[in-house]
Number of protein chains: 2
Amino acid sequence: MAIRPVEQTIHKAAWLYYTHGMRQDEVAKHLNISRASVAMYLRKARETGIVTISTSSQLFTDGVLARELEDALGLDGVWIVPEDRSALDPAAEMPTVAATAFTEKISRGDRVGVAWGRTVYHIADVMPYVDLQDVTVVQLCGNLGAPYNYRPDQCTTEIARRLNAEGINLYAPLVLSSEELAAALMDEPVIREQLASISSCSLALYSVGGIEDDSHLVKCGALSAAEMQALGRAGAVGVMAGRLIDADGQLMDCSYNRRVISADLGSIRAIPKRMMVVEQAAKFLPLVAAIRGGLVSHLVVTTSMARRLLDHWNTGA
Amino acid sequence: MAIRPVEQTIHKAAWLYYTHGMRQDEVAKHLNISRASVAMYLRKARETGIVTISTSSQLFTDGVLARELEDALGLDGVWIVPEDRSALDPAAEMPTVAATAFTEKISRGDRVGVAWGRTVYHIADVMPYVDLQDVTVVQLCGNLGAPYNYRPDQCTTEIARRLNAEGINLYAPLVLSSEELAAALMDEPVIREQLASISSCSLALYSVGGIEDDSHLVKCGALSAAEMQALGRAGAVGVMAGRLIDADGQLMDCSYNRRVISADLGSIRAIPKRMMVVEQAAKFLPLVAAIRGGLVSHLVVTTSMARRLLDHWNTGA
DNA sequence: CACGGCAGCTGACAAAAGTCAACGACAGAG
DNA sequence: CTCTGTCGTTGACTTTTGTCAGCTGCCGTG
């Protein structure tokens with residue numbers, strides 16, 4: 001591997017400093033370089049995952065509310081991000097919590113699926129640099145056009161980079177203009193194989209989309225506002241990995257869904273750990289649908305969302 | 001869980017400092033405590049595994065020699081600790097490398113087996129504090145009497161403590177004075193179950209013992225020097241988890257071995273990752289035997305030992 | 001062979017973190 | 001009610017770390 005002498009020195013510096021607990025000047029003396037270089041190498045070591053510093057996300061799974069939500073909704077893990085305290089901006093906090101929680105759940109050799117959206121991109125952005133070995137990051141849904149700087153392939157690529165993993169992108173548009181073309185493309189071996197491989201993921205990360213006029217699908221032109229409204233009247237309540245789902249979290253039977261290139265919901269349900277991250281309060285109904293539909297096993301939400309979900313389950317269902 | 005307000009504060013401080021990258025004085029302001037307290041909390045967080053700082057052990061698996069040894073002996077992982085460079089005391093280095101490598105191999109939910117010896121105790125002593133969840137550490141062999149401060153149960157307990165894991169000790173002597181008593185004890189449900197559970201470990205850590213007059217078994221009186229010499233003439237070359245093995249790494253057929261309470265070699269071979277750590281050059285022959293006998297999948301040795309092994313395999317076998 | 005550009009290293013200074021003696025709150029004993 | 005010991009906290013000081021402008025030496029180019 002790294003016959004690079006510099007890499008070697010970075011490793012040595014990191015080893016002496018972090019594992020042996022030497023001071024930087026001692027490390028410098030050992031390696032016959034200046035202390036300033038040691039400081040620089042150590043920064044590089046942290047940035048490249050040679051050294052990993054991780055904080056337990058227990059803080060957010062600790063409360064009574066989290067436990068109640070797990071029990072009530074039958075989830076395997078719940079992280080609750082407080083909004084009340086003057087502490088920190090919750091908008092900035094949630095992606096960090098999600099990134100930490102997600103990273104904790106990954107083991108070496110895992111294949112992880114990543115969907116797309118503002119939320120997922122924010123998570124990618126604060127994902128810690130770690131050096132997991134043999135991890136593969138696969139893209140769960142096709143790509144969207146230009147207007148966004150958080151396209152599906154970028155989420156995948158960035159997360160793969162941070163985890164020192166292989167990133168596998170899905171080179172296809174998310175939505176095509178005809179069902180025939182979509183079907184034909186889905187039949188292409190490259191695409192077919194990649195989509196088939198999704199059910200062998202051990203972990204997936206996604207958010208859920210709404211069907212309002214400002215939803216991604218409308219904003220990027222995949223559907224017009226009018227079409228979306230019509231679909232809403234027909235029962236659509238949210239978007240999962242680019243596909244419309246109804247109130248029970250089942251795939252809508254509509255032309256749009258047949259024009260989408262993306263993981264099918266069955267494959268997603270087959271993934272053992274399905275981590276859903278929801279930032280906005282407005283996504284309540286889509287979230288409820290996704291949970292009903294078995295698309296969520298691990299959940300990251302705000303305190304208020306957690307309360308709403310709990311109320312809903314205790315009264316409604 | 002931790003309703004302890006102090007623990008909570010430690011978590012928060014660690015989160016803000018390590019995950020958000022705040023300075024200590026900023027953290028202090030946020031939590032309304034002094035910066036000195038923050039510094040103290042952070043130390044505690046590191047010591048208890050709330051934050052984990054780990055350095056990749058790649059440095060030691062990188063060389064050509066390590067790769068050659070893997071190929072030649074059919075091992076799954078080799079770490080080589082250099083002695084030559086004026087760098088560091090290799091005696092102090094090897095346990096650190098082993099501890100790091102071992103920790104990297106553990107995943108949550110794993111059951112790990114730990115044997116005993118000076119080497120294993122040194123490893124326990126520098127094992128990093130990490131907060132793996134649902135890990136169980138089981139003792140692979142019975143206990144020895146007083147003269148040692150690195151008894152099997154202490155190795156197990158210490159490693160369990162560092163990993164925040166459950167430690168399961170084997171409450172039985174390593175060697176009994178009659179075969180009958182040993183057989184009866186092995187038949188006790190508690191003992192039998194624990195020994196049976198060993199083959200479900202996913203990971204084991206041990207060293208190999210020699211049969212010289214200064215070996216543990218002789219020094220603690222389990223065997224007299226004369227008996228050991230006789231067994232050596234009969235073909236014994238080393239000690240694995242308290243049992244004598246021959247040059248092929250097979251269990252010796254002798255009374256002593258029938259008086260030992262310990263994991264049997266079959267169970268050990270069934271463990272997917274068997275990490276062997278050898279510090280002393282004198283353990284060459286026992287090590288060769290253990291490798292031959294399929295008792296090693298991951299190996300931590302010095303450069304010179306690695307060379308000797310490679311020579312031996314290229315010429316001899 | 002001289003020259004510009006570039007990458008990487010260093011020295012010196014500024015910022016941040018570690019340490020510790022002393023202080024204060026609190027509990028239990030007299 | 002006061003005294004005393006303990007524990008956790010703090011401000012002030014020291015040590016360690018981060019940073020950055022400038023230096024050095026190397027390589028490709030004219």
Side-chain angles (χ1 to χ4, degrees), chain A residues 1-56 58-59 62 85-88 92 96 126 128-130 161-162, chain B residues 1-56 58-59 62 85-88 92 96 126 128-130:
Chain A
M1 320 260 130
I3 316 289
R4 284 228 144 71
V6 186
E7 292 268 310
Q8 186 81 352
T9 313
I10 295 180
H11 264 96
K12 283 185 194 167
W15 181 261
L16 295 173
Y17 186 77
Y18 286 107
T19 306
H20 279 274
M22 280 188 180
R23 274 181 281 105
Q24 293 188 354
D25 53 356
E26 296 181 283
V27 176
K29 208 160 51 185
H30 259 282
L31 301 179
N32 269 91
I33 51 179
S34 76
R35 203 190 52 72
S37 297
V38 173
M40 198 200 65
Y41 287 159
L42 293 178
R43 180 157 33 76
K44 281 209 179 129
R46 288 187 300 263
E47 281 168 0
T48 55
I50 290 171
V51 173
T52 310
I53 303 186
S54 60
T55 314
S56 155
Q58 225 194 72
L59 183 53
D62 239 23
R85 291 174 305 120
S86 60
L88 274 164
T96 314
V126 293
Y129 290 88
V130 294
R161 193 173 72 86
R162 304 275 183 135
Chain B
M1 321 252 132
I3 316 288
R4 284 229 144 72
V6 188
E7 291 267 311
Q8 187 81 352
T9 313
I10 295 180
H11 264 96
K12 284 184 193 167
W15 182 261
L16 294 174
Y17 186 76
Y18 286 107
T19 306
H20 279 272
M22 278 188 182
R23 276 180 280 104
Q24 293 189 353
D25 54 352
E26 296 181 284
V27 176
K29 209 160 49 187
H30 258 283
L31 301 178
N32 269 90
I33 51 179
S34 75
R35 203 188 53 72
S37 296
V38 173
M40 199 200 65
Y41 287 161
L42 293 178
R43 181 158 31 77
K44 279 207 180 130
R46 288 187 300 262
E47 281 168 359
T48 56
I50 289 171
V51 292
T52 310
I53 303 186
S54 60
T55 313
S56 155
Q58 227 195 68
L59 181 55
D62 240 22
R85 292 173 305 121
S86 60
L88 273 165
T96 315
V126 293
Y129 290 88
V130 294

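In the text below, chain A, chain B and the rest are named by the order of the sequence lines, each starting its count at 1.
- Checking B/Arg46 against B/Tyr18 by side-chain atom types alone, a donor-acceptor pair falls below 3.5 Å.
- Here CE of B/Met22 is found 9.0 Å from NZ of B/Lys29. Values are rounded to the nearest 0.5 Å.
- Atom NE2 of residue A/His30 and atom NE2 of residue A/His20 lie 9.0 Å apart, to the nearest 0.5 angstrom.
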Restricting to nitrogen or oxygen on both sides, can you table the protein-nucleotides 25-27 of chain D pairs closer than 3.5 Å?
none

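- Judged as a salt bridge (charged side-chain N to carboxylate O under 4.0 Å, His left out), and not counting sequence neighbours, the contacts of A/Arg23 are A/Asp25.
- Note that the CH2 atom of A/Trp15 and the OG1 atom of B/Thr96 stand 6.0 Å from one another [nearest 0.5 Å].
- Tested against B/Thr19, the residues A/Ile53, A/Val126, A/Thr55 include a single side chain to side chain contact (heavy atoms under 4.5 Å, CB included) partner, A/Thr55.
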Extract from the structure each pairing of a protein N or O with an N or O of nucleotides 10-17 of chain C at less than 3.5 Å, listing the distance.
unit_1	atom_1	unit_2	atom_2	d
C/dT10	OP2	A/Ser34	N	2.7
C/dT10	OP2	A/Ser34	OG	3.0
C/dT10	OP2	A/Ser37	OG	3.0
C/dA16	OP1	B/Arg23	NE	2.6
C/dA17	OP1	B/Tyr17	OH	2.8
C/dA17	OP2	B/Gln24	N	2.8

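- Between the CD atom of A/Glu26 and the C1' atom of D/dT17 there is a distance of 14 Å, rounded to whole Å.
- In this structure, OG1 on A/Thr48 lies 6.5 Å from CD1 on A/Ile10, to the nearest 0.5 angstrom.
- The OH atom of A/Tyr41 sits 16 Å away from the P atom of D/dT19 (whole-angstrom rounding).
- Rounded to whole Å, atom C1' of D/dG18 lies 9 Å from atom CZ of A/Arg46.
- Between A/Arg35 atom CZ and A/Glu26 atom CD the span is 12.0 Å, to the nearest 0.5 Å.
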